[in-house]
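Because only heavy atoms are used, hydrogens play no part in the values below, and waters and symmetry mates are left out as well, while side chains stay in.
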Amino acid sequence: MPTSFGGRWAKGDGLLLVIAGVLLVTGLLMIYSASATIAQTRHGDGAYFVKRQAVWALVGLVALALGAGLDYHRWRRWVVPLTLGALVLLFAVLVAGWAANGSRRWLRLGPFSMQPSELARLIFVVYLAHYLSKRADV
């Protein structure tokens, strides 16, 4: 079954997407059930937190679609710069990080804040895949 990106579905991809969708919907329902009262009291909308999470879920789905359309071989040329960039961001947290709840984990750039460790985790997966593919014969 061809995808809109011109690739082919691997066996089990459809099931994986269904499972991810069920988990997404279940998570949104759990957020609603846990936060509806607080959201209504603080924001006047019982679904305030669910709406915010749903927006980020849509951002994630768009990123998934874009990532599925990329040729993963193209990541290889970016492995070293991405890894070095992640290490620089992790070091920047030690120097200029923002503390929250007693631990320094965040970088702030105006209204935007990020946790470099989350980005480093993704880049580590890319680096590890590159490393292991180079040593496939071992």
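- Interatomic distance, S33 OG to L28 CG, rounded to the nearest 0.5 Å: 11.0 Å.
- Closest of all the heavy-atom pairs between Y48 and A39 is CB-CB, 3.9 Å.
- Atom-to-atom distance recorded for H130:NE2 and T83:OG1 is 8.5 Å, nearest 0.5 angstrom.
- The local environment of CH2 in W78 is sparse, with at most 12 non-hydrogen atoms from other residues, nucleotides or ligands closer than 6.0 Å.
- Between Y127 and Y131, the angle of the ring planes stays under 30°, which puts this pair in the parallel group of the 30/60° scheme.
- Ring geometry for F49 against H43 counts as perpendicular: the plane angle is over 60°, on a 0 to 90° scale with 30° as the lower cut.
- Listed here is the closest heavy atom pair of W106 and V93: N-CG1, 4.5 Å.
- Residue Q53 holds its CD atom at 10.5 Å from CG of L58, rounded to the nearest 0.5 Å.
- V79 and L70 fall within the same hydrophobic cluster, where Ile, Leu, Val, Met, Phe, Trp and Tyr residues are linked whenever their side-chain heavy atoms come under 4.5 Å apart, directly or through other members.
- Once rounded to the nearest 0.5 Å, the distance linking CG of L15 with CD1 of I19 reads 4.0 Å.
- L66 places a side-chain heavy atom less than 4.5 Å from the side chain of V62.
- Under the 4.5 Å side-chain heavy-atom criterion for ILVMFWY residues, a single connected hydrophobic cluster contains both L132 and L82.
- Residue R52 holds its CZ atom at 10.5 Å from CD1 of I31, rounded to the nearest 0.5 Å.
- Residues L64 and L17 have side chains in contact (heavy-atom distance under 4.5 Å, counting atoms from C-beta outward).
- A continuous path of ILVMFWY side-chain contacts below 4.5 Å connects L119 to L128, so both sit in one hydrophobic cluster.
- No path of Ile, Leu, Val, Met, Phe, Trp and Tyr side chains, each step under 4.5 Å between heavy atoms, connects L84 with V126, placing them in separate hydrophobic clusters.
- In terms of heavy-atom proximity, R105 sits nearest to Q115 at O-CG, 3.3 Å.
- Residue R74 places its CZ atom among 12 or fewer non-hydrogen atoms of other residues, nucleotides or ligands, all under 6.0 Å distant.
- Considering all non-hydrogen atoms of both residues, A96 and L107 come closest at O-CD2, 4.0 Å.
- Remark: T37 OG1 to Y32 OH distance equals 8.5 Å, nearest 0.5 Å.
- A continuous path of Ile, Leu, Val, Met, Phe, Trp and Tyr side chains, each step under 4.5 Å between heavy atoms, connects F124 with L89, placing both in one hydrophobic cluster.
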